Structure formats: structure tokens, C-alpha cells
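Letters A, B, ... mirror the listed sequences (proteins, then strands); counts begin at 1. Since we're looking at a predicted model, the values are computed, not measured.
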Amino acid sequence: MCLGIPGQIVEISDAERKLALVDVSGVRREVNVACIAEGNPLDDLIGVWTLVHVGFAMSRINEEEAEKTLEVLKMLGEAQEEIEAMKASQKMLEQAS
Amino acid sequence: MKYADEFRDPVAAKGVLSAIEACVNDIGATKDKPICIMEICGGHTHAIFRYGLDKLTPPGLEFIHGPGCPVCVLPMSRVDECVELAERPEVIFTTFGDAMRVPGTKKSLLQAKADGADIRMVYSPLDALELARRNPEREVVFFGLGFETTTPSTALSIQQAAEENLENFSVFCNHITVPPPIKALLDDPYMILDGFVGPGHVSMVIGIEPYRFIADDYKKPIVVAGFEPLDLLQSVLMVLEQIRDGRADVENQYSRVVPDDGNPASIAACDDVYERRERFEWRGLGEIDESGLKIRQKYAAFDAENKFTIGYGKDAARVTAEPEGCACGEVMTGRIKPRQCPQFGKGCTPEMPLGALMVSSEGACAAYYQYGGAQLEPVE
């Protein structure tokens with residue numbers, strides 16, 4: 001929750017709500033990209049690496065930084081926890097509908 | 001992963017460690033009269049223990065573990081109110097999983113769920129919004145919890161709800177901010193801190209200027225740090241160098257991620273949605289001025305405090321006494337070490353936490369317990 005997890009933006013899923021699909025260690029998750037758009041067209045974000053906090057992209061990072069951060073998060077057990085939380089939340093929504 | 005070796009390799013850290021040792025010697029600090037540096041962020045606390053940095057650094061340097069774990073500083077009365085909201089039949093209560101096991105005075109959210117309350121763990125407030133869209137006949141309440149890393153996400157979700165006129169969505173806002181408790185610690189007469197390692201991801205949002213008072217008014221150094229062991233060691237060295245040179249500055253070791261002025265879009269969303277509360281209760285620390293955020297009147301329709309007449313400021317007496325024998329407050333202010341608490345490892349374990357610092361892996365006590373503290377006999 002407190003530490004951001006790195007992911008790569010792969011697709012803009014809902015331009016109006018500023019949502020994009022982000023690949024976080026192989027898990028795809030819809031993420032709000034309003035904080036890193038900086039007024040540019042959202043399509044420019046495809047391929048960009050970002051730190052994601054609770055479903056919001058909060059900062060652009062480079063690939064090397066993304067790898068390093070992910071490694072630390074794995075060592076701390078935080079990466080697994082975040083990815084599990086993403087999956088569980090997804091499942092909860094599927095069951096709710 | 002190709003970069004792993006770089007920071008797992010003790011040789012890479014050796015240079016920084018010997019510089020730290022030299023600096024501690026230059027300052028004249030010893031085991032009996034150590035330099036005390038507080039890492040504010042719970043993520044840093046966890047990393048220090050995970051990588052054994054406290055054991056690698058010289059005895060004249062001591063880490064004091066700060067209040068930077070939002071789960072750990074969540075007062076029991078707030079948890080009680082969460083349970084109260086969750087037990088309303090019309091409510092779907094949504095929360096980050098981290099908050100589920102925090103003890104209230106009667107029960108935790110996990111126990112409330114077992115008792116039949118409709119509580120859903122969500123990864124993101126976006127998922128709470130989606131639940132509200134799909135369940136127009138229910139009231140979806142999101143528990144807004146956390147420091148500046150999560151405050152913007154809640155603010156943006158409230159703005160989105162307002163945009164869509166999603167009337168069955170509201171936020172029980174218990175967001176808190178990092179700088180005020182640092183000020184409270186610095187004002188504490190027992191204060192023994194010589195400098196700070198500042199939080200990385202919080203600073204990515206707010207920038208480094210909000211820490212200026214630490215250097216200017218209290219003449220203490222602060223260095224914003226990354227999460228790799230080398231980041232942490234370098235930041236500690238930067239703090240020590242300031243102390244050695246008689247300087248007190250705000251420095252940014254993590255500039256590759258933290259812009260000095262933070263994230264403008266996040267700051268703007270937070271300014272639009274929140275105002276500061278006059279004061280807010282922190283578990284173990286008491287009430288701290290201007291340390292909590294409240295939803296502004298213009299978004300009152302999405303404020304669970306307003307909607308359900310619950311929450312902070314409703315009753316006069318707020319501060320809830322800690323369970324007997326629980327020394328979380330003293331641990332958090334650096335007065336005692338976790339294992340000096342009489343309950344450590346006995347009445348309080350990660351499986352059955354009594355105090356908040358044992359609940360989250362980012363709490364000092366849980367970290368002590370997980371990384372070797374458990375074998376140590378508690379000090380009577």
C-alpha cells in the first residue's frame with residue numbers, strides 16, 4: 001500500500017477516465033494515469049515505466065529503476081503482496097457482477 | 001535479474017560502510033553515546049531489518065524507527081468506527097487488506113467480516129468506485145487510509161465520483177500526513193534524534209520542501225532516501241556528513257525518482273479535495289496538530305463522516321487508551337526498543353497482535369520479531 005510497485009503501460013483503456021492497462025510482473029491491471037500525463041496525449045504513455053500506488057501511476061521511472069525497485073520489493077515480500085491484492089480485488093469484482 | 005548482484009554484493013556497500021564508520025568516529029559517537037537517526041518510513045524500517053543494515057553499521061550509530069506506518073498509527077477508535085459503518089446493512093465497506101487485522105476496542109474488521117458484515121478488500125479505490133457503479137442500491141464506503149502515497153488516489157477517486165454523480169459512493173477519510181508527526185517528535189522533551197532519513201515514495205508526491213522546517217527551525221539534517229540497501233546507506237552517510245560538518249539541510253538522495261517539487265497533478269487534486277483537520281489522533285502518539293485530512297465541504301456528498309454522522313470530531317474525548325502493558329508509544333518515540341516492551345513476543349506477536357507496531361510488516365515490532373527479535377528474550 002505504501003510502496004509503489006513498478007509497471008509498464010501497455011494500452012490506454014479509457015481515455016476519458018484517464019485509465020490505462022499496466023503490466024505489473026505479468027499481471028495486467030487498470031490504472032489511473034492522470035498524475036503522470038502532464039497534459040500530453042495519453043497515447044504517449046504507452047511503453048512508459050511507472051511506479052503504481054493502489055491503482056494510480058504516481059511517477060515515471062526508467063526501466064533500470066523499475067527492475068531495481070521490483071527486486072527490493074520482492075526481497076521484502078511486498079511485490080508478491082501487491083500482486084496478490086491486485087488479483088484478489090479483480091476476482092472480488094468479477095464475483096460481484 | 002541483472003541488477004540484483006549490484007546491491008546484494010557486500011563489496012559494493014563496503015566503501016559506503018567504511019565512510020559511515022569514519023564519519024561516526026569523526027563525530028565522536030560511541031555505543032554509549034550514539035548518533036540517533038530516525039527512518040520515518042515503514043518501508044525503510046522493513047528494508048533495514050531485511051538487509052541487516054543495523055548490524056552492518058557501527059555501534060555509534062543507532063536507527064530509531066519512526067511512525068511511518070499508517071496501519072500502525074491507526075487509533076482503535078477509528079477501527080471501531082470502521083466496524084460500525086461496516087455493520088450497517090446497506091453498506092459495502094471497502095478497505096485495503098492492510099487494515100483488516102488492526103485491533104479495535106471490540107473487534108478488528110476481519111472479525112467483523114467473520115460476524116457477517118459486508119467487507120471487501122480492495123487493491124485500489126478505483127475498485128470501490130466500480131463496486132458502487134455495479135451496486136446502485138447499496139452504499140459503498142471506502143476506507144481512506146495512508147500517508148501522501150495514497151491521499152492523491154483517494155482524492156482523484158472522489159473527483160471521479162463527483163464527475164459521475166455516483167451518489168452511493170463515499171469515503172471514510174482517515175488520511176494523515178508525514179511532516180506534522182516529525183514536528184511533534186522534535187517538540188518532545190525526550191527527543192534524542194540527531195537526524196532523519198526521509199521517506200522516498202511520500203516525497204515523490206509532496207517533494208522535499210515540506211521538510212524545510214526540520215533543517216531551518218530545528219537545525220536537524222534530513223535526507224530523502226530510496227529503498228535499496230545502498231540508497232539507505234548512502235542517505236545515512238549524507239546525514240552523518242551534515243552532522244559532522246555542522247550543517248542542517250534538506251537533501252535528496254533519491255532524485256532519480258523524487259522531483260524536488262513533487263508531483264504537481266497529485267498536489268492539485270489533494271488541494272481540491274482535502275483540508276487539514278485542526279488535530280488528529282495517532283495511536284501511541286496522541287493528538288497531533290494539523291496531521292489529518294478532511295474532505296472539503298464541496299465534496300460533502302462523498303464524505304462518509306457527513307453521510308453517516310460518524311468519525312473524527314463527533315465526540316469530544318477522542319484518545320483511546322492503549323491495551324494494558326502495550327508500549328507502542330514509547331517504541332515509536334525511540335524511548336525503548338521493541339524487545340524492551342514486556343508484551344513483546346509474549347502477549348503480542350504477529351499472529352495475535354496486541355499493539356499496532358506488531359500488525360504490519362512495516363511496524364518496528366513485527367520487523368524485530370520477523371528478523372531475529374523473536375529469539376531474544378524480552379527484557380523485564
With under 30° as parallel and over 60° as perpendicular, where do the rings of B:His65 and B:Tyr368 fit, or are they tilted in between?
perpendicular
side-chain contact (heavy atoms from CB on, under 4.5 Å), paired with A:Ile5, selected from A:Thr50, A:Val27, A:Ile83:
A:Ile83
Would you say that more than 12 heavy atoms from the other residues, nucleotides or ligands in this model lie under 6.0 Å from the CD of B:Glu163, or not?
no
With chain B, the option among A:Ile61, A:Leu73, A:Val31, A:Leu76 that has the most non-hydrogen atom pairs under 4.5 Å is A:Leu76
Closest-packed option against chain B by number of heavy-atom pairs under 4.5 Å, given A:Met86, A:Glu38, A:Arg17:
A:Arg17
Tell me if the aromatic rings of B:Phe147 and A:His53 count as close, with their centers under 6.0 Å from one another.
no
Compute the ring centroids of B:Phe142 and B:Phe172, then answer whether they are less than 6.0 Å apart.
no
Contact origin within [X] toward chain A - heavy atom pairs under 4.5 Å:
X: B:Val205; value: side chain
X: B:Met121; value: backbone
X: B:Leu145; value: both
X: B:Asp127; value: both
X: B:Arg133; value: side chain

Could you have a look at B:Val202, B:Thr149, B:Val122 and say which one has the most heavy-atom pairs with chain A under 4.5 angstrom?
B:Thr149
Options B:Pro125, B:Gly97, B:Gly146, ranked by heavy-atom pairs under 4.5 Å with chain A, top entry:
B:Pro125
Show your reasoning for whether side-chain hydrogen bond (donor to acceptor under 3.5 Å, both in side chains) applies to B:Tyr51 and B:His46.
CA-CA 9 Å; B:Tyr51 292 95; B:His46 193 176; over 6 Å; no
Okay, side chain of A:Arg60, backbone of A:Trp49: is any donor-acceptor separation there less than 3.5 Å?
no
Look only at the side chain of B:Thr94 and the backbone of B:Val141, and say whether a donor-acceptor pair between them is shorter than 3.5 Å.
yes
Heavy-atom proximity to chain B below 4.5 Å, by part of A:Leu3
both
If one checks every heavy atom of A:Leu51 against chain B at 4.5 Å, the contacting part turns out to be side chain
